[in-house]
Amino acid sequence: MSNVRVRFAPSPTGYLHIGGVRTALFNWLFARHEGGTFVLRIEDTDQDRSTDEAIGIILEGLKWTGLDCDEGPYRQTDRLELYREQAMKLLEEGKAYWCICTPEELETRRKEAQAKGESLKYDGRCREKSLTTPTEPAALRFKSPQDGQTIIDDLIKGKIVFENQVLDDLIILRTNGYPTYNFCVVIDDALMNITHVIRGDDHVNNTPRQVPLFEALGFTVPKFAHLPMILGSDKARLSKRHGATSVLAYQEMGYLPEALINYLVRLGWSHGDQEVFSMDEMVSLFRIDQVQSSAAVFNPEKLLWLNAQYIRNSDPQLVAEQMNSHLQKEGYDEKAYSRIPGGVEALVPPLRERSETLLDMVKGAAPYLAETITIEEGAAKKFLTPAIASSLTKFADRLKMESSFTKEALELVFHGVLEEDGLKMGKLAQPLRVALTGGTVSPGIYEVMGLLGKTRTLDRLRQGIKQAESPTSSSM
RNA sequence: GAUCCCAUCGUCUAGCUUGGCCUAGGACGGCACCCUCUCAAGGUGCAGACACGGGUUCAAAUCCCGUUGGGAUCACCA
């Protein structure tokens, strides 16, 4: 195992969203490619917004995607002492100071500055007060360097230069004693020996605030790689407005985790013209420095297409397993499964060719799982006509006599009727389809009969013929 | 407003590092046709982009500068 260590550090303030999964994925791929370690860290120092429920949802989402971590999850609230210790060290060394400006004062000063068109940064008025034991509520601020430059050699974006004079003396310990994000991140990344910080683009501007902190504490500065954002169709940052953004929502909508991951990896990364990647291929081909530096628009249609690809090309048994939980949610039970010769797995080959999601498959499976069907009125009117009744009857009678129920046998019987009655394939297949499935759309007619089995095929055929003979009775 | 980032078909992208192979390739989506028992799938084809303006060069999508446009960040949130 190499010494490469990366981390995914979500804050548990809501569900795990698509952007988070992409960040996790790129970290995971980098770790796996390098033979390194993937650490999961929960950033829950915001007492007001973090919840245990959210942690559970994040873990569940990550599990579904298959992005397994090697260490963690660590929780920052379990590490509070560590942050305070390091903060005190900075104070003792004169690299931090107590600030007694109240949030209200700061807020009004910011507003004034904004009105005058001046910089909004903290004016540093407590910097030289050197308060040792403040008697009023005080926050601890880090003395940011005010001259020179902070240069980041980003693995994705290249060299980024910041003038240190724009840097704020940021608060590292709040009045309530809790450390702040920018401080915890640095301490954790340092203490966890994180070698590469791979995170969203939105953190670029945090980096020059964090680098001096690493340096002040005598830690090695990790390498940085800032991932481009994922945008919605209107080029604004992806949000609920653009549709589902929670990973688990995609699970519910019948997506395969492999498809989602495959879609996400192509957002910002590519390997020639290749569109479909197995996890193994991704791991071996992925290079962090090949990641695109521009933002990408999330395209649900392409995701759907990829999902369809995965549904069609994955191992049928695997697809059946994934479909199972959706079937259960729809209320189908063992009894329903037992009606199909070959069981649920037999549904996969005929249904998956016309399904983009597992939900589509569940929908398509209905006529075969259910005891009875309802024939669509329009379909009955158009296809179950008196004119076709005799041919259907002939087909039913011969089928009954036929001892085998293989596709070949069915085909033979079916074509026999066609020839004798001078019918084209579609003339008989469509009424038959309606009688057997209740609708005009289904897999091939022989597959349909196979999924129903002989008994149910004949039963439904009989009902259909009855309806064809007297079209006035609209339901069975 | 300040700081930073970004810019190839509608969308994801190849090409950009190391200028000529680019008359700019692929994929999704769209359209047309073929196949066909329905619907799909599949096959074939078509339309569709180097944001703009200057340089540098024999040669620029590729290098440089500017403009424009988009985005991110500026909290005792993360």
Side-chain angles (χ1 to χ4, degrees), chain A residues 9-13 43-46 48-50 76 99 101-103 106-107 110 113-114 116-122 137-141 152 154 157-158 160-163 166-168 170-176 178-182 184-185 200-209 226 228-229 231 233 235-237 263 266-276 289 292-306 308 312 351-356 360 364 379 383 414 418 424-434 437 439-446 448:
Chain A
S11 56
T13 54
E43 311 221 317
D44 58 349
T45 52
D46 183 346
D48 297 332
R49 297 197 303 154
S50 301
Q76 289 188 323
C99 171
C101 300
T102 65
L106 294 170
E107 182 59 30
R110 257 195 304 271
Q114 188 158 33
K116 284 189 219 156
E118 292 168 0
S119 159
L120 304 185
K121 76 180 235 190
Y122 176 62
L140 195 64
R141 279 186 193 269
I152 296 145
D154 193 277
K157 296 189 184 288
I160 309 174
V161 181
F162 295 89
E163 296 298 329
V166 306
L167 262 33
D168 226 330
L170 73 165
I171 288 175
I172 57 178
L173 236 46
R174 300 180 176 100
T175 317
N176 67 7
Y178 275 87
T180 55
Y181 165 76
N182 276 114
C184 298
V185 167
D201 222 347
D202 47 341
H203 286 287
V204 174
N205 286 293
N206 280 325
T207 314
R209 321 175 87 193
H226 287 96
M229 298 274 90
L231 312 176
S233 49
K235 306 249 176 170
R237 195 200 193 115
Y263 176 70
R266 284 285 288 99
L267 241 38
W269 178 81
S270 62
H271 184 257
D273 289 339
Q274 191 169 344
E275 295 288 350
V276 180
D289 56 357
Q292 189 107 19
S293 51
S294 55
V297 173
F298 185 80
N299 183 348
E301 285 178 329
K302 188 158 183 182
L303 169 58
L304 201 56
W305 172 78
L306 259 173
R312 271 167 219 142
L351 289 180
R352 66 171 168 183
E353 287 302 322
R354 47 218 106 216
S355 299
E356 289 178 308
D360 290 343
F383 294 106
F414 191 82
L418 287 185
K424 283 203 168 178
M425 184 85 188
K427 281 286 178 216
L428 187 57
Q430 226 22 23
L432 186 54
R433 172 170 285 113
V434 173
T437 68
T440 54
V441 174
S442 84
I445 202 67
Y446 307 120
V448 168

Considering only atom [atom1], compute the distance from [N] to [M] and round it to an integer number of Å.
N      : M      : atom1 : value
G15(B) : G19(B) : C1'   : 12 Å
A2(B)  : U11(B) : C1'   : 33 Å
C52(B) : C9(B)  : P     : 10 Å
C50(B) : A61(B) : P     : 11 Å

From Phe298(A), Trp305(A), Trp269(A), residue fulfilling ring pair (Phe, Tyr, Trp, His ring centres under 6.0 Å) relative to Tyr263(A):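 That would be Phe298(A); it is the only one of Phe298(A), Trp305(A), Trp269(A) passing the ring pair (Phe, Tyr, Trp, His ring centres under 6.0 Å) with Tyr263(A).
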Proximity to the side chain of [X] - top-ranked nucleotide from [options]:
X         : options                : result
Pro103(A) : C76(B), C6(B), C37(B)  : C76(B)
Leu106(A) : A27(B), A40(B), C76(B) : C76(B)
Val441(A) : C39(B), A7(B), C37(B)  : C39(B)
Arg237(A) : A72(B), C76(B), U3(B)  : A72(B)
Arg354(A) : G26(B), A78(B), U38(B) : U38(B)
Arg312(A) : A41(B), A78(B), G26(B) : A41(B)
Glu353(A) : A41(B), U3(B), C12(B)  : A41(B)

If you take all heavy atoms of [X] and [Y], which pair is closest and at what distance?
X         : Y         : answer
His226(A) : Asp154(A) : ND1-OD2, 2.6 Å
Ser233(A) : Val297(A) : CA-CG1, 3.8 Å
Ile445(A) : Ala429(A) : CD1-O, 3.8 Å
Pro228(A) : Gln292(A) : CG-O, 3.1 Å

Is there a donor-acceptor contact under 3.5 Å from the side chain of [X] to the main chain of [Y]?
X         : Y         : value
Asp168(A) : Leu170(A) : no
Gln430(A) : Thr440(A) : yes
Arg433(A) : Pro443(A) : yes
Thr13(A)  : Arg49(A)  : no
Asn182(A) : Ile172(A) : no

Figure out the [atom1]/[atom2] separation between [X] and [N], and round it to whole Å.
X         : N      : atom1 : atom2 : answer
Gln430(A) : C39(B) : CD    : C1'   : 9 Å
Asp154(A) : A72(B) : CG    : P     : 18 Å
Arg266(A) : A27(B) : CZ    : P     : 11 Å
Arg352(A) : G42(B) : CZ    : P     : 13 Å
Asp201(A) : A7(B)  : CG    : P     : 11 Å
Glu107(A) : C74(B) : CD    : P     : 13 Å
Glu163(A) : C5(B)  : CD    : P     : 12 Å
Arg433(A) : U36(B) : CZ    : P     : 15 Å

Tell me whether the side-chain N or O atoms of Asp44(A) pair up with the base of A78(B) as donor and acceptor below 3.5 Å, since no angle test is needed here. no
Is there, by distance only and without an angle test, a donor paired with an acceptor across the side chain of Gln274(A) and the base of G26(B) below 3.5 Å?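 No.
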Polar atom pairs (N or O), protein with nucleotides 29-31 of chain B, under 3.5 Å:
none

Taking only side-chain N and O atoms of [X], does any of them lie within less than 4.0 angstrom of OP1 or OP2 on [N]?
X         : N      : result
Thr45(A)  : A78(B) : yes
Arg110(A) : G1(B)  : no
Lys235(A) : U11(B) : yes

Determine the contact category for [X]: base if any of its heavy atoms lies under 4.0 Å from a base atom, sugar-phosphate if only primed atoms, P, OP1 or OP2 are that close, otherwise nothing.
X         : answer
Ile171(A) : base
Asn206(A) : base
His226(A) : nothing

Please determine, for [N], whether a Watson-Crick or G-U wobble partner exists with both distances under 3.5 Å, and give it or none.
N      : value
C58(B) : G20(B)
A49(B) : none
A40(B) : none
C28(B) : G10(B)
C74(B) : G1(B)

Could you tell me which residues satisfy side-chain contact (heavy atoms from CB on, under 4.5 Å) with Asp48(A), sequence neighbours excluded, listed by chain and number? Asp46(A)
Rounded to the nearest 0.5 Å, what separates atom OH in Tyr122(A) from atom SG in Cys99(A)?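 Rounded to the nearest 0.5 Å, the OH-SG separation comes to 3.0 Å.
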Any N/O pairs under 3.5 Å between the protein and nucleotides 14-18 of chain B? List them or say none.
residue	atom	partner	partner atom	Å
A14(B)	OP1	Ser270(A)	OG	3.0
A14(B)	OP2	Gln292(A)	OE1	3.0

